[in-house]
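Letters A, B, ... are given to chains in the order of the sequence lines, protein chains preceding strands, and every chain is numbered from 1. Both backbone and side-chain heavy atoms feed into the values below; hydrogens, waters and symmetry mates do not.
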Protein chains: 2
Amino acid sequence: MRANEKARIPRRHGNAFLLTQIGARAAQRYGERIGGIELTPAHSGLLFAIDREPGLSQQALAAKLDTAATRLVALLDDLEQRGAIERRRNPEDRRHNALHLTEAGAGLLDEVRAVAAAHERDVTAPLTEAERAQLHGLLTRIADHLGLTPGVHPGYRNYGGDCP
Amino acid sequence: MRANEKARIPRRHGNAFLLTQIGARAAQRYGERIGGIELTPAHSGLLFAIDREPGLSQQALAAKLDTAATRLVALLDDLEQRGAIERRRNPEDRRHNALHLTEAGAGLLDEVRAVAAAHERDVTAPLTEAERAQLHGLLTRIADHLGLTPGVHPGYRNYGGDCP
DNA sequence: TATTGTTATACTCTATAACTATA
DNA sequence: TATAGTTATAGAGTATAACAATA
């Protein structure tokens with residue numbers, strides 16, 4: 001009975017488990033790297049998002065990232081205090097803050113991009129360029145199948161489930 | 001300058017980011033599935049570990065999973081209360097508990113294996129069998145490069161970093 | 001009254017530090 | 001005193017609920 005169940009499993013350590021293991025470790029390493037410029041992964045995600053679509057309100061940005069707007073406040077406070085972003089109050093409807101990167105913020109984003117590129121090279125170090133492209137094709141299809149939004153980190157999403 | 005930095009990035013959404021995204025989502029889905037039999041991913045990991053190496057003490061098991069022994073107490077309480085495991089006190093040194101799966105625990109582990117197999121099929125649904133094998137080869141090499149212990153979920157590890 | 005942004009509260013998770021019982 | 005297991009304490013992170021300002 002147990003051997004029978006066992007036989008149904010395709011591999012000792014399946015792709016799904018490997019993906020979870022690797023994903024968690026890659027996230028942890030990215031967190032360490034991005035910590036080197038005094039940011040968290042969440043901060044870096046906001047810089048990317050604001051650069052991609054400047055002028056959004058906090059509510060609109062939260063909707064894009066599929067997270068609660070309350071979560072953004074402290075993160076944006078940090079970035080604003082650092083001079084990386086501006087909250088421009090809309091004169092026509094003074095409840096809205098339009099989010100924009102400053103000059104310094106654009107420079108900081110360049111640093112983030114450099115960190116991300118180094119991270120990318122690190123994680124895929126044992127693969128050849130052809131294998132990286134192969135992997136990218138496979139992963140893109142899985143990401144699509146799982147309904148993942150390109151560029152939106154799942155850490156922003158509102159799940160009930162356990163993190164690991 | 002910024003365009004120059006951008007050009008260094010190999011792809012819009014690199015493999016590292018995709019791995020993080022997919023890993024987090026896969027973990028979340030597994031958590032939902034395993035919740036269907038009133039367990040968390042952590043509980044299921046303990047069942048696997050105790051089955052793989054029965055008779056370990058709680059300290060020894062914690063060391064294998066690279067986590068604090070205090071973290072295991074409540075999880076083992078749950079499994080014991082459910083009749084899935086036993087803490088057998090060692091008569092020669094009565095400080096040690098030798099951990100063992102019960103008959104019921106073996107049955108529960110079979111259910112966990114079925115859930116894991118369904119999860120595996122779900123995550124890799126869009127791939128052919130040949131592609132799954134290809135992916136497995138690439139992921140195994142990356143996991144090895146990242147120093148991951150086969151079968152040990154990173155969720156048990158003691159990092160300081162952010163979870164996502 | 002409805003909406004934007006903010007602050008406050010409560011809850012979960014976990015790391016660390018006491019504590020007990022055995023040796 | 002040293003170790004295995006347990007319990008208690010404290011901290012981080014976040015989801016939810018209240019709140020103030022504006023429309």
> Are any of B/Arg94's side-chain N or O atoms less than 4.0 Å away from OP1 or OP2 of D/dA4?
Replying inline: no
>> Would you say A/Arg87 places a side-chain N or O within less than 4.0 Å of OP1 or OP2 belonging to C/dT6?
In response: yes
>> Suppose we call a contact any N or O donor and acceptor under 3.5 Å apart; does that hold for the side chain of A/Arg95 and the base of C/dT3?
In response: yes
[X] has an atom [atom1]; how far is it from atom [atom2] of [N], in whole Å?
| X | N | atom1 | atom2 | result |
| --- | --- | --- | --- | --- |
| A/Asn97 | C/dT6 | CG | C1' | 11 Å |
| B/Leu56 | D/dG5 | CG | P | 10 Å |
| A/Leu99 | C/dG5 | CG | C1' | 11 Å |
| B/His96 | D/dT6 | NE2 | C1' | 15 Å |
| B/Asn90 | C/dT22 | CG | C1' | 12 Å |
| A/Leu61 | C/dT3 | CG | P | 19 Å |
| A/Arg88 | C/dG5 | CZ | P | 15 Å |
| A/Leu76 | C/dT4 | CG | P | 15 Å |

Any ion pair linking [Y] and [X] (charged N to carboxylate O, less than 4.0 Å)?
| X | Y | result |
| --- | --- | --- |
| B/Glu129 | B/Arg132 | yes |
| A/Arg141 | A/Asp144 | no |
| B/Arg82 | B/Glu38 | no |

>> Tell me the closest heavy-atom pair linking B/Pro126 and A/Ile142, and the distance in Å.
In response: CG-CA, 4.2 Å
>> Quick check: closest heavy atoms across A/Arg33 and A/Val115, and the distance to 0.1 Å?
In response: CB-CG1, 3.7 Å
>> Base, sugar-phosphate or nothing for A/Ser57? Non-hydrogen atoms, less than 4.0 Å.
In response: sugar-phosphate
[X], nearest nucleotide to its side chain (from [options]):
| X | options | answer |
| --- | --- | --- |
| B/Gln58 | D/dG5, D/dT16, C/dG5 | D/dG5 |
| A/Arg71 | D/dT16, C/dT16, D/dA15 | D/dA15 |
| A/Gln59 | D/dG5, C/dA17, C/dT4 | C/dT4 |

> Which residue lies toward the 5' end of DNA chain D, A/Asp93 or A/Thr70, if each is placed at its nearest nucleotide?
Replying inline: A/Thr70
